Each structure stands twice: as C-alpha cells, then as structure tokens.
Amino acid sequence: MRRWALWLPLAFFAVVLAVVGYGLVRPPDEPLRSHLVGQRLPAFSLPAALPGRPTVTGAATGEPRLINIFASWCVPCIAEAPQLLQLEAAGARIDAIAIRDTPADIARFLDRHGDPFAAIGRDDASKVQLALGSAGVPETFVVDGNGVIRHQHLGNITEEDVPVLLAELEKAR
Amino acid sequence: MIAEAGLAALWLAAALCALQLALVAIGMKEGRGDLIAAVRPVAMVQGLLAAASFLILIWLFVRSDMSVELVVANSHSAKPLMYRIAGAWGNHEGSMLMWVTVLAIAGACIAAFERQLTSAMHAATMGAQAFIGLGFYAFLLFASNPFARLSPPAPEGLGLNPLLQDPGLAFHPPTLYIGYVGLSIAFSFAVGALVTGEVGPKFARAMRPWVLIAWIFLTIGITAGSYWAYYELGWGGWWFWDPVENASLMPWLAATALLHSVSVLATRDGLRAWTLMLAVVAFSMSMVGTFLVRSGILTSVHAFAVDPTRGTFILVLLALYIGGALALYGSRVAHVRSGAPFDPVSREGALVANNLLLSVILAIVLIGTLYPLIADGLFSEQLSVGPPYFNATAGPIALLLVAIMAAGPLLRWRSDRLGALGARLRFAVIAGATMALALVILGAEAGVMPFIGLVLAAGVAVASLAPLWGRNLKRTPLFTWGMVIAHLGIAVSLAGMSANAAFTKETLAAARFGDVLEVGPFRVKFMGVRPVAGPNWSALEAELRAVRGGAPMRLLPQARFFASPPTNTNEAAIRTLWDGQLYAVMGARDDDRWQIRLWWKPFVTLIWLGGALIALGGLLSLVGRWRRERAAALRESWL
C-alpha cells in the first residue's frame, strides 16, 4: 500500500470532525422565505388524513391560522410537538399537512406527541407542499383570514419561536 | 457527606489515572521495570475507586437524597426501588460516570487478567487506556459533576422520564455501556501494538476475548433496546434508524468486522494493518456515538439536554483520541510487516468480503446519521434522513453480506475451489429454493426485499449448520458451536425481519364498546374500558378479546398517566403466540369511541430470538477459546 493511503482514515475522520464541529457552531436558521409569502394560498384540497377528521384546504377561512407541514417519520417534528400544543392552547387554529405518510402512522404520531390540529390533510406526493414553496418538514405557515400567506417558519418550532408565531398571527388578524 | 465521598473517590481515581499514564511514559522511556510493574496495581485501585464512586451515586438515588442536584432533577421518592437505582444512569452526568467507571474497570481487568502480552506491549496498552480515561475524568469533574449539591435541599424530586420506567430499559444502558466502553480495550491494544510494533497471532489471541466480551454485551444491548422500543414506544416498529440507535449499531458493525478479522490474524497471521484499523474504528464509533447523543447536535427522541459546552468538550476529546490514534496509524503502520498471503477464494477471502461489506454498511449508517448536518452545512437545507434511505441502501448490502456468511465457514483457509464450495452448499440452496417455491405457491404478497430475505434466511439457516456435518458433535470445539449458533441467529433474525416486513397486518379503528375488529386471522372484540392504578401512575385500560379459533385471549392495553413529571404513555398489550405476536395499543377517546390499533406480526419474535442466539454464540465462542488457551498454557507449563 502507498504511504499516503495510510493517512486516508485520518483525513476521513477530519472531514467527519469538521461536519460535527460545524453542527456545534452552526448559526441559527436564517429565514428563507417561500416566494409565496405575501400571496394567496394556491387552491388545493387534500384527502383527510384520518377517518372522521376534517381536511385542510387552500380556501379562505375568515380567521388567521397556522398550516403546519409535518410527517410522522420526521424526528424534528417530534421536537416541535410540545410547542404546537402551546400554540393551540394560546388559541391558535392549526391545520396540518402530513407529507408522504399513512393514516395509521399519523394517528400513532398524534397519539404519542399530542394532537393540536383542527384539520389534517394527506399529501402523499408532496404536491401541495411544493406548491406552497416548502422544501422540507417541518415547516409552518401563518395564513390570514383571506388565505394570504403572511409568514413562513422553517424547521422545528422552538420555545423561542412560540411568541414570534403568536405575534405573526395577531398581525394577520 | 456521602456525595462528597463519591466526589473524592472520583478525584482520587482521576489522580491514579494520571499516575498510571506517567508511570507508563517514564517507565517505557527510561526502561524502568520497577515503574512498569507498578502500573498493574495502580490500574486495579483506580477501577475500584471509580466503581465506589458510581455505587455511591446509586446509593444517593436509592436514599432519594434531595440535597443532591442530580437526584432532585431525575428522581422522586415515590419511585419503585428498581427505578430509583436506574435513575442514577438515566441522565447525562450519571451515565457519563457509568461510562468512566466501565472504562476504569476495563483497565483494571487488563491489569488483572491479561498475561499473554509482552511487558512492553502491556505497558503501552495500559498507557493508552489511562490516556483515554484522563480525558473523560476531566469531562466529568469539570463539565458534568454528578455529585453537585443543591442548597437548600429540595422537598421532592422532579421524577424520571416515565418512558424509562421499565425493567428492560433500566438495565439496557449498563449493558450497552459495557459493550461500548469494553471496546476501549481493543483500541488501547491497537495503540499499544502501533507503538511497540508487536502485531501477530499472539496479539490477536490476546485481544480476541476482550473484543468478544464487549461484542456480546453490545449484541444483548441492541437486541434488548430494539425490543424495548417495540413494546414501549407503541409504534409497532422494532428499529427506527434513530441517531441513538445508529450510535449503538455502528460500534457493533465495527466490532463484528473486528471479530472476524482478528480470527484471520490469530489463525493465519493475515490482515494485520486492517485489524489494527478496525480496533481503532470500533471504539472510535463508541465515542462518536456518545458525542452525537450527548451534544444534542442531532435531534433524537432519546437525546438528553442540549449543551454546547459539553459538546465542545467531547469534540476536543474525540479529536485528540481518534485523531491521535489515526495519526499514529498513518505514521507507524508501515512498520508492521504485512501478513501471510491468501487466494480470493478462501476463508480469508470470505472474511475480507465480510469486513468490506460491514465497513460499507458502517459508512452508510454514519453518513446517514450525519447527513442532516452535511445538508445543512453544504446546501443550507434542513432535513431528516429516515428509514427509506437506510433500508434502501444498507438493506441490499446486508443481504449480500448474509449470503457470503453462508459460504465463509465452508471455505478452507488460504485457498479453495468454487466447485467444492457449491457442493458443500447444495442443501442450503435446496432449502432456499424450497422457501421461494413455498412463498410463490402460497401466493404470499411479500415485497422484493422481504422475499429475498426469507429465501436467504432459509438457505443460510441450513448453511450455518453445515460446518457441523460429518463431525462428531461431542468433539466439535465449543467455539465452532459458537460460530454456528451465532450465524444461525443471523438467519433466524433475518427471517423475523422479513416475515414482519412482508406479512404484518394492521388495523386502526375508532371503536365503540362491543365492536368487533379484524386483523389478520383474528377477530377482536372491544369489551370495555376501566380505570386502573399503579405505584406512581394511573391508567385507562381497554379490554379486548381476540379469537382465532379456540379459546379467546384477553389483551389489556393501557393509556397511562404519570403524575411526576406529568406524562402520558401507552402500554401496548402484546400476546406472543407460536407464530407471531398480536399487538394492541389504546389511543385517544373521541366521544363514545376509542382509537384502537391492532397489529398481527407473524414471526416477529424471531428478530430478538435471533439476537439472543447471536449473543449466545459469542458466549460459547468465548468459553471455548478460553478453555483452549488454558489447555495450551497447561501444556506449555508441562513441557
């Protein structure tokens, strides 16, 4: 074996170290906005995610609401579950779009981590998600009573984000 | 006073660890045999002190000493005794103390029992072990003191995560930690070998039992952890590719590869450099896993509190230890003579393939686990890599690995012919073909991977027994039995995974009392719901009556509420039958209807039965090797 090849493991480890080191120091999320912020929701309707529960649509609801994009297989979605419950307790209406999921998995997820949702739709091919300009899960949109997207939150909702989202809902009123 | 005694014991152990390192460094540099001779007793006392410190922490939890911050934050006097004990390691500081304790005891064990190594090699190994220990002692004492006092004392504790209140989980972390940290011995051996240049069959035979012990514990820990997640989390799944699960899988993969390459080194004096590399990688994976879990840089359902300071501390330790060992490898391994040559078609060849495939799976898991960070750093994208990635990438390679495993033990060392191998595998091929035919005839709607999995499992089960054919079973060495049983365990586990993936039936319903649900071959009647109470929880319990011909079975899933801290959990009701498990979970209430979820999981128990067989195989192998070494030592002393 060549001499330099013996140093490859160290080089590979240095890369791994750089990645995890970056994980420690990475800056907080920057607000990357969907180009639809400030515009009306695209028209959509999705099949209901759970039997007997209402689904979510793009129609104007007359009052501001949050649209949470989540999936039962997404770990950060578990992390934001308590904050969604807080938001619901504070009076926010939260609609949800479950991405590439099954009813059984969704039900299990809600059972396990709480169910703050007024309505849940199933987006099996991520079509509506992409139409909304969302690139990943979880994401949360603030939509006003006229169906206009007022704010987009990327990634999981942390404790600090709760007052921010409540303020955005208030602004959208 | 007790807490202070614990802290004092920990400081003393750390001081002895520093002394151990100094003794080795000075002793080896100046060739002072008297200093080297002192290393063994120092290491043993260090192990005892660390163990004393850990026992004191457990004692504080048992007594519910609410003047200790850690007890207040993680325990409650109303907890049953077993969970007060487990509470000692169900948190960051306590689990790090357990880590250090296992490390110190591992060092003490090498000091007490390892007699095969030359004195220079032994000293270098003890030095490496002390060097690792020192960093983790510093981490404990400066960044994670488990004995910190709370003034004034709290009237009552805050409790322990109720998910952790489970007999399986109480003893899961210790098992896993013995595995993780036990691998430090292999790491220290490799460092010692790189320093002294002594690599060969003798070195391999000395290292093998230590690797086996750690590997057995890891296997048990992973198997038990998987079963715990299966019945406690109430998702019906048995593996979630969660970062914490991956953190335990990666060292296991590396240790499995190491076990096989070390046997090439022991038997044929081949794969010298590669064995050293794997020994370094295995414990490195333990440390990386710990870092990922402790630092909170990856969101996980298992993660303890996020703390960047601690994360940075462990990162520095990782850079120092893993980077140091790999740098040593890069600069020194060229001095290790290359081992004996062999043909591609040979036992060695199969073991090399095994090693490469295990390493590929390891890389896939590592990259998948770190990918959320890579994506965030390179593409500013936040995402979570889930089971679809791991199953699609690691799955086929694992199947290929299992196929090679069938052939490996039937090949001769050094060189063999493919035709001869085919003849030895004929019964295995017949078994696999029979299974394939049976699946097709029965019209089983298995997916591609589960189908291949079932066919392979049947073939490999037969092939794994093939090394016993034509042998006098009584005179077959115990370690051969160990290999056969461990390989059989892989086949059994694969059968369980494939059957579960292919044939699981699931029913989700909002049911009223008296409703009858169907799942697989069962009709399940929802009889009613009643309140029940436990020592520190209350619950609603559903009564289900399941029938599949014959007498009905009662299933009692619960929705539990724990008061401190306030948490809801689901206790699944699981009925184990000879051909699978019926699994019931009770969900939320909606007016007069209750969410009931039922699964029929054919042969799912084989997954963990296989895991147990693998561990048992390891144990037999360990005892068998130990007996043989002892017999050899006795013969030598006679001569």
Side-chain angles (χ1 to χ4, degrees), chain A residues 1-27 29-30 32 50-53 70-81 100 102-115 135-139 154-156 158, chain B residues 233-236 240 242-243 273 277 280-281 284 288 291-292 295 297-301 308 311-312 315 318-319 322-323 326-327 329-334 338 366 370 372-374 376-377 380-384 386-388 506-510 559 568-570 585-588 590 593 595 597:
Chain A
M1 204 188 295
R2 306 212 172 160
R3 281 303 280 261
W4 59 265
L6 300 176
W7 295 90
L8 281 180
L10 184 62
F12 179 74
F13 174 65
V15 173
V16 170
L17 207 60
V19 168
V20 293
Y22 166 77
L24 274 180
V25 299
R26 71 180 148 166
D29 311 336
E30 289 163 27
L32 286 173
L50 295 172
R53 292 280 296 266
F70 83 109
S72 68
W73 44 262
C74 136
V75 179
C77 298
I78 298 171
E80 74 170 4
R100 295 170 189 268
T102 68
D105 288 340
I106 295 168
R108 226 172 297 153
F109 179 89
L110 297 180
D111 206 37
R112 175 100 241 127
H113 306 291
D115 181 357
V137 280
E139 280 190 23
L154 287 150
N156 55 315
T158 62
Chain B
L233 295 181
W235 297 345
F240 301 96
D242 175 276
M277 184 81 244
V280 169
V281 167
S284 298
V288 168
F291 169 76
L292 291 178
S295 64
I297 58 169
L298 290 171
T299 316
S300 155
V301 283
T312 313
L315 189 66
L318 286 192
I322 306 178
L326 292 175
Y329 181 87
S331 61
R332 300 277 308 175
V333 83
S338 62
L366 180 64
L370 293 178
L373 288 174
I374 300 170
D376 185 34
S380 295
E381 213 177 320
Q382 297 198 322
L383 45 77
S384 167
E506 179 173 1
T507 299
L508 164 70
N568 291 303
T569 69
N570 280 303
V585 179
M586 176 187 182
D590 195 8
R593 302 197 302 178
Q595 274 184 12
R597 281 190 287 287

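Bear in mind the structure is a predicted one, so any value in this text is a computation, not a measurement. Protein chains get the first letters and strands the later ones, always in sequence-line order, with residue 1 at the start of each. The figures here come from the full heavy-atom set of this structure, side chains too, leaving out hydrogens, waters and symmetry mates.
Not counting sequence neighbours, the partners of A:Ser72 by the side-chain hydrogen bond (donor to acceptor under 3.5 Å, both in side chains) test are A:Asp101. For A:Arg100, there are no salt bridge (Lys or Arg N to Asp or Glu O under 4.0 Å) partners, not counting sequence neighbours.
Here A:Leu17 contributes atom CG and B:Leu315 contributes atom CG; the two are 5.0 Å apart, rounded to the nearest 0.5 Å. Put simply, CH2 on A:Trp7 and OG on B:Ser331 are 4.5 Å apart, with the number rounded to the nearest 0.5 Å. To the nearest 0.5 angstrom, A:Leu6 atom CG is 6.0 Å from B:Tyr329 atom OH. Taking CD1 of B:Ile322 as the start and CZ of A:Phe13 as the end, the distance is 4.0 Å to the nearest 0.5 Å. For the atom pair CG (A:Asp105) and CD (B:Glu506), the distance works out to 6.5 Å, reported to the nearest 0.5 Å.
Nearest heavy atom pair, residue B:Leu508 against residue A:Ala104, reads CD2-CA, 3.8 Å. Annotation for A:Val16 and B:Leu370: closest pair CG1-CD1, 3.8 Å, computed over non-hydrogen atoms. Across every non-hydrogen atom of A:Asp111 and B:Gln595, the tightest pair is OD1-OE1, 4.5 Å.
Both the backbone and the side chain of A:Pro9 come within contact range of chain B, judged by heavy atoms closer than 4.5 Å.
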